[in-house]
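So the structure is just underneath, and the comments pick up after that.
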Amino acid sequence: MEVFSNRIEESPAGGPGFFNPWIPHTAEVIGKRREALGVHTLRLRLRDEGVRRSYRFRSGQFNMLYVFGVGEVPISIVSDPDESGVLDHTIRIVGKVSAALVSLKKGDTVGLRGPYGSSWPLEEAVGKDVLIVTGGLGCAPVISVINYVANRRDRYGNLKIFHGVKTPKDLLYRARFHAWQKHPDTEVYLTVDHPDLEWKYNVGVVTNLFREVRIYAQRSVVMMCGPEIMMHHAVRDLLAQGLAEDRIYLSLERNMKCAVGFCGHCQFGPAFICKDGPVLRYDRIKEWFGTSEI
Amino acid sequence: MKILDRNSVDLFFDALKRQGFALVGPTIPDSAIVYDEIGSSADLPVGWTDEQDGGTYRLKKRDDEALFGYVVGPQSWKKFLHPPSLRLWTAHREGKGFKIIPEQDDPPKLAYIGVRSCELHAIAIQDKVFIGGPFLDSSYGLRRENVFIVAVNCGQAGGTCFCVSMKTGPKATAGFDLALTEIIEPGRHYFTVETGTGRGEEVLRDLPYTEATEADPATVERIVEKTVSQMGRTLDTTDIKNLLYQNLEHPRWDQVATRCLSCANCTMVCPTCFCSTVEDVTDLSGEHAERWRKWDSCFTSDFSFVHGGTVRPSVKSRYRQWMTHKLATWIDQFGTSGCVGCGRCITWCPVAIDITEEVRAIRETKK
């Protein structure tokens, strides 16, 4: 047992009492864009100027967004961290809070606290090839990293985006994938499990693509987000291609109530997804990743 | 070490009150020891003890007038430090937006009377969770700051106790303002008092204490040794983190799941379990909203719900989460075990599941 302490050290926020991490700021909805059926991007601006000025986030982090009287959910930030003053959140309707969020209109108010969690390894990846592997519908956390790298092509090597969905109608952001494809030294690979007659890209699970594309394991960093079963297979196949375990990063999702490590809901083995994640390096979670019902 | 006579206990309580503390300690409202407000020593469970075993708790009359002659009840001090239900903030509509008003949290100054060594360790563990990391839980911090702790060394162990295995007792060694040992001899009923802080010493100053004799520390040691010998349970903690990390798929989890009711009792009575959920409420006008924090348990299916379903649908996975967290992942998270060996989860399990037995079963047939 460690040393006991009856006294409490000064709060980092200083002053009398304690900084209370449960209290949201308020933010105004200043824009809203429909991405796909049931998927919208809200552009938010913190109302308090001082808070707005001091607010900084890194790609991969998230905010807790609160709708008056309805509830609060974690939503990843998809805008560029260097774009000051605005925060974009792409939200898919999956429950009552996300439905309430996307029903908000320009000028409405949300509660916002954050940013929370770990971020994508964008410093470590400088000069290296960036492989993005995403799947299913929930790829918002990688949108920000793709944008980040796509807008700074000179800082990174080749950018490959692998995206797999079940059917062509599940493919969100079709226009964005086309736009990214046009960036220099950027390749986009789309695949579906079940094609329709119009589908002109790949067919099969996303991991099939790894065999058809030249991957330089020694100079690549992988960032992935999507269904855990997809990531499980993707990790396995990338390791087989020579990727190092400490070059693979995953963004995970769990139930979250507090985002600051108090509520216990988001535990994934020893990790709290809210503060150790959502972005976790594979070698640090490999004993847990793939274990059923963890 | 000082000596305080049984008859001076109420003077001691009065001295704490004069310092501005309200007293909370053991009482017997409903055939169980519960921690609640006390006015004087008459409110304590005078002459009562408890018998505990898996799924069993009974109060029993002692043949003396001991004030602290019981072990631990279903409650722990977390009910004061981490209240079961707490309003975090309120919000009011204002024009097109709303304004959030933080809860004006002004907890009373409390003196905890009769804190056991395992409970001191439990408080230290929750300190790490709520005020030991990058974020500080202000409601916990404000309550914790105000506490005056009167520890009492255990004069007997219960049937489900295993603090010796967890190295958390039975003697209070730190984390208290004052620590008492109750000694009852023919014709004499008194307490030895050790001071842990300057505050403790100050409270003691005005009381009619006497200095301890050379024999008193030895008497305390003898009482502690007797308690050590009475431990109802043992838990072998050797390399326990790796033992559980390497046995996530052990068949014992399926076996315990056939008995576990997923009722969450173990998490409610556990003095270190800290999980909570939040509830958002509004009034009928829709103009006012509140956010409340309430205790939650990893044994519910809602606990791990993400859109599309629950991550841990099976009882097996929930029991594994609870026990593996308590005894193993907690070590990675907070540098300490999450278990203090108080035995509450064993006593208050309606089907008498025994964490020490579950660990033993896995250890004996480990991978």
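Here is the naming used below: chain letters follow the sequence lines, and residue numbers restart at 1 for every chain. Values below: every heavy atom of this structure, side chains too, minus hydrogens, waters and symmetry copies.
Within 6.0 Å of CG on B:D283 lie more than 12 heavy atoms contributed by other residues, nucleotides or ligands. Residue-environment remark: NZ (B:K109) exceeds the threshold of 12 foreign heavy atoms within 6.0 Å.
The closest side-chain heavy-atom distance from A:Y66 to B:D280 is below 4.5 Å. Residues B:R320 and A:T291 have side chains in contact (heavy-atom distance under 4.5 Å, counting atoms from C-beta outward). Contact annotation: the side chain of A:W22 approaches that of B:R293 to within less than 4.5 Å [non-hydrogen atoms, C-beta and beyond]. Between B:V311 and A:N255, the closest side-chain pair of non-hydrogen atoms is not below 4.5 Å. Looking at B:K96 and A:E28, their side chains never come closer than 4.5 Å, going by heavy atoms from C-beta outward. In this structure, A:E72 and B:V278 have side chains that are not in contact, with every pair of non-hydrogen atoms separated by 4.5 Å or more.
Shown here for B:G97 and A:T109, the closest heavy-atom pair between the two residues is CA-OG1, 3.1 Å. Of all heavy-atom pairs between B:S276 and A:F262, the closest is OG-O, 4.4 Å. When all heavy atoms are compared, the tightest approach of B:T329 to A:P270 is CG2-N, 3.6 Å. Across A:R254 and B:V306, no two heavy atoms sit closer than the pair C-CG1, 3.4 Å. Considering every non-hydrogen atom in both A:G261 and B:V129, the closest pair reads O-CG1, 4.4 Å. A:H265 and B:F303 make their closest contact through ND1-O, 2.8 Å (heavy atoms, listed as atom of the first residue, atom of the second, distance).
With a 4.5 Å cut-off on non-hydrogen atoms, B:L248 touches chain A through its side chain but not through its backbone. Residue B:S314 touches chain A through both its backbone and its side chain, counting heavy-atom pairs closer than 4.5 Å. In this structure, chain A has a heavy atom under 4.5 Å from the backbone of B:D302, while its side chain stays farther away. Proximity to chain A is limited to the side chain of B:H325, based on heavy atoms less than 4.5 angstrom apart. Residue B:Q126: no heavy atom, backbone or side chain, is found under 4.5 Å from chain A. Interface remark: B:E290 contributes no atoms to any contact with chain A (heavy atom separation under 4.5 Å). With a threshold of 4.5 angstrom between heavy atoms, A:F268 does not approach chain B through any atom at all. Heavy-atom distances place no part of A:E228 under 4.5 Å from chain B, backbone and side chain included.
Ranked by heavy-atom pairs under 4.5 Å with chain B, the first of A:C258, A:A271, A:G107 is A:G107. When A:D108, A:D276, A:V110 are compared by the number of non-hydrogen pairs under 4.5 Å with chain B, A:V110 comes out ahead.
The NZ atom of A:K257 lies 8.0 Å from the CZ atom of B:R291; values are rounded to the nearest 0.5 Å. A distance of 7.5 Å separates CG in A:N20 from CG in B:D137, rounded to the nearest 0.5 Å. For the atom pair CD of A:Q267 and OG1 of B:T324, the computed distance is 10.5 Å after rounding to the nearest 0.5 Å. In this structure, A:I23 CD1 and B:I101 CD1 are separated by 10.0 Å, a value rounded to the nearest 0.5 Å. Annotation: the span from A:E293 atom CD to B:S304 atom OG amounts to 8.5 Å, rounded to 0.5 Å.
Aromatic ring orientation, B:F135 versus A:Y116: perpendicular (interplanar angle above 60°, classes split at 30° and 60°).
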